[in-house]
Visitor: 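Take this structure first; my questions come after.
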2 protein chains.
Amino acid sequence: MKELLYIQLVDQLRKKIQLGVLKPGDMLPSENELSQEYQISRVTVRKSLSLLEQEGYTYSAPGKGYFVREPVTDKYILNFNEMNNAGGSAASSKLLEVNVVPPSTKMMYELQIPDDRYVIVIKRLLLAEGAPIAYDVKYLPYNRGLPLVEREIKYATFPELAGKKTSLFSIKKDLKICAKNASGGVCPLLNVEEGHPLLVISQKLYTAENKVIGWGEIYYIAEFCELNAMWSFGQRLYDNG
Amino acid sequence: MKELLYIQLVDQLRKKIQLGVLKPGDMLPSENELSQEYQISRVTVRKSLSLLEQEGYTYSAPGKGYFVREPVTDKYILNFNEMNNAGGSAASSKLLEVNVVPPSTKMMYELQIPDDRYVIVIKRLLLAEGAPIAYDVKYLPYNRGLPLVEREIKYATFPELAGKKTSLFSIKKDLKICAKNASGGVCPLLNVEEGHPLLVISQKLYTAENKVIGWGEIYYIAEFCELNAMWSFGQRLYDNG
DNA sequence: TAGTGGTCTAGACCACTGG
DNA sequence: CAGTGGTCTAGACCACTAC
């Protein structure tokens, strides 16, 4: 089990930072120094330092050197999948309504559309083991020639719906998470009493050019939704393979 | 404004993926092909492909080639800072209680400690412009010789407290987010009525070796807490500089 | 066996920061 | 000015995959 050179180096540097030998703001040895000290080429040293930077430990300042970063403590990786966030793994959904309607002022504001642009409204009930766990409303600016098949709507997630014409790779998405109490028409749908706690997740979809292509809200019965997020250094957004 | 070679290449490949010319599962041209096609060295081609991989567009399979990744749609970057998540930028806090107590069964479970290990309990009220917006309870396994100065507790975030002995770089942190209704002793503290919606964020801190070093819950008055998360390709967890 | 990505080298030139 | 990181090159060897 021989270790690769650049792995060895990055491990040693990482450990020094983790142990506090190198503290935020401290300068690392220069590329040339590391190159001589470890008897490896500068290219390989650079590969190690680049890895360390990817992991969030350091940053480089051209003309000066590499420095230990002040740890960023307020960014987490959040897991969220609208169809699979409750306990039930085999989540299904029930389509309540699909309509094309003139926009309300709220919709015009959220979707950034004029008042003569129609809006597709999709209302669903998310189910786990047959019981409702969330009420879901989505709004899409209406485009002619957008065939919406019921089966697609029933099982699709938001980006899949709004991004039918757009590659998923060029979509942006914002979430807002807050707590509310159930009131009005939502109560009978979710089969909860007035005032029951809900976790509300608003989603907004954008194209790469920041044009809004979808907006929606999901009202989860609190007991059936727990969001998880984690923070740690060196974490990656994408797995290998 | 001449563009760097590896930037040019990564831009072209990225665009092909975003436009759908290259779809998930498709194989990219090999390093040698790209090297010849663009008349740049293999090292530079590798730099571009490495960047593309970092951004989440592709992955590499040794002996086979580079492939377009199936987009990961369920991971977001969540912004959360316990002291600064409400509207008020100049958030302060009021210390309600600091105690060393024998652990309850709940604490023993959450902190993974035996019943003879004492626990430090810290209760705070988070304020924005003088008014309470959240109630905060933290539990730390008690260590002898851990001097807790009131001023520190008042303004410290959780990792700063629990990680006094540990470098922030070797701490892991999990969040759980859910909705609940206010009840019991929390109501008068937060000055809300019974049943008022709350956003509850549970935090658990671990060392690099997965030993629990802290656990806590923050009860935000729903109106004063909106969490934000975002998803898009190519996003980075750490800024440059 | 031919082709692929993965590791590593030595060396060149550049722009930038600091004294 | 000497030192730093940033870009780019040409070439070597390896392990793996697929045929």
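Quick note on labels: first sequence line is chain A, next is B, and so on, each numbered from 1.
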Visitor: Could you check whether any side-chain heavy atom of B:K138 comes within less than 4.5 Å of a side-chain heavy atom of B:E82, counting everything from C-beta outward?
Guide: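 In contact.
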Visitor: Would you say A:Y142 and A:V119 make side-chain contact, with heavy atoms under 4.5 Å?
Guide: no
Visitor: Determine, stepwise, if the pair B:S50 / B:Q54 fulfils side-chain contact (heavy atoms from CB on, under 4.5 Å).
Guide: CA-CA 6 Å; B:S50 151; B:Q54 273 180 55; 3.8 Å; yes
Visitor: Taking only the side-chain heavy atoms of A:E31 (C-beta and beyond), determine which of C:dT7, D:dC8, D:dG5 contains the nearest atom.
Guide: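 Selected nucleotide: D:dG5.
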Visitor: Please say which of B:E33, B:Q12, B:Q8 ends up in a side chain to side chain donor-acceptor pair (under 3.5 Å) with B:Y38.
Guide: B:Q12
Visitor: Measure from the side-chain heavy atoms of A:N32 and tell me the nearest of C:dC8, D:dG6, D:dT4.
Guide: D:dT4
Visitor: Nearest whole angstrom, please: distance from the P of C:dG6 to the CG of A:L5.
Guide: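 After rounding, the reported distance stands at 17 Å.
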Visitor: Using atom CG of A:L52 as one end and atom C1' of D:dG5 as the other, report the distance to the nearest whole Å.
Guide: 15 Å
Visitor: Within the pair B:S60 and C:dG6, is there a side-chain N or O less than 4.0 Å away from OP1 or OP2?
Guide: yes
Visitor: Relative to the 5' end of DNA chain D, which residue comes earlier, B:G63 or A:E33, by the nucleotide with the nearest heavy atom?
Guide: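 Counting from the 5' end, the first nearest nucleotide belongs to A:E33.
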Visitor: Run the numbers on A:W231 and B:I171 for side-chain contact (heavy atoms from CB on, under 4.5 Å), then give the verdict.
Guide: CA-CA 8 Å; A:W231 175 80; B:I171 283 182; 4.1 Å; yes
Visitor: For B:Q36 and D:dA10, what is the distance between atoms CD and P respectively, to the nearest whole Å?
Guide: 12 Å
Visitor: Please state how far atom CG in A:L34 lies from atom P in D:dG3, giving the value in whole angstrom units.
Guide: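 Result: 16 Å.
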Visitor: Atom CG of A:L9 and atom C1' of C:dC8: how far apart are they, to the nearest Å?
Guide: 14 Å
Visitor: I'd like to know whether B:L49 forms a side-chain contact (heavy atoms from CB on, under 4.5 Å) with B:E53, so could you lay out the CA-CA distance, the side-chain angles of the two residues, the decisive distance to 0.1 Å, and finally the verdict.
Guide: CA-CA 6 Å; B:L49 291 170; B:E53 190 167 344; over 6 Å; no
Visitor: Once you apply a heavy-atom cut-off of 4.0 Å, does B:S41 come out as touching a base, just sugar-phosphate, or nothing?
Guide: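 Base: the residue B:S41, judged by heavy atoms under 4.0 Å, touches a nucleobase.
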Visitor: Checking side chain to side chain contact (heavy atoms under 4.5 Å, CB included) against B:S35, which of B:V45, B:T44, B:V43, B:L9 comes through?
Guide: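 Option passing the side chain to side chain contact (heavy atoms under 4.5 Å, CB included) with B:S35: B:V45.
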Visitor: From OH of A:Y59 over to P of D:dT4, roughly how many Å is that when rounded to an integer?
Guide: 17 Å
Visitor: Which whole-number value in Å describes the distance from A:F67 CZ to D:dT4 P?
Guide: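 One finds 11 Å between P of D:dT4 and CZ of A:F67, rounded.
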Visitor: Would you indicate whether the side-chain heavy atoms of B:I17 and B:T58 approach each other to under 4.5 Å?
Guide: yes
Visitor: In whole Å, I'd like the distance from the CD atom of B:E3 to the P atom of D:dG6.
Guide: 17 Å
Visitor: Given C:dC8, C:dT4, D:dG5, identify the nucleotide with an atom nearest to the side chain of B:S30.
Guide: C:dT4
Visitor: Is the distance from OP1 or OP2 of D:dT7 to the nearest side-chain N or O of B:Y6 less than 4.0 Å?
Guide: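 So the side-chain polar atoms of B:Y6 do come within 4.0 Å of the phosphate oxygens OP1 or OP2 of D:dT7, strictly under.
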Visitor: So A:Y220 and A:F80, would you call those rings parallel, tilted or perpendicular, with 30° and 60° as cut-offs?
Guide: perpendicular
Visitor: Let me check I have this right: for DNA chain D, each base becomes ., (, ), [, ] or |, based on Watson-Crick or G-U pairs with both distances under 3.5 Å. What is the full string?
Guide: |.||||||||||||||||.
Visitor: Given side-chain contact (heavy atoms from CB on, under 4.5 Å), test B:L140 with B:L111 step by step and report yes or no.
Guide: CA-CA 8 Å; B:L140 310 169; B:L111 293 175; over 6 Å; no
Visitor: For D:dG5, take OP1 and OP2 only and decide whether either is under 4.0 Å from a side-chain N or O of A:Y66.
Guide: no
Visitor: Is A:K64 close enough to C:dG18 that one of its side-chain N or O atoms is under 4.0 Å from OP1 or OP2 there?
Guide: yes
Visitor: Within residues 42-50 of chain A, which residues have any heavy atom lying less than 4.0 Å from an atom of DNA chain C?
Guide: A:R42, A:V43, A:T44, A:K47
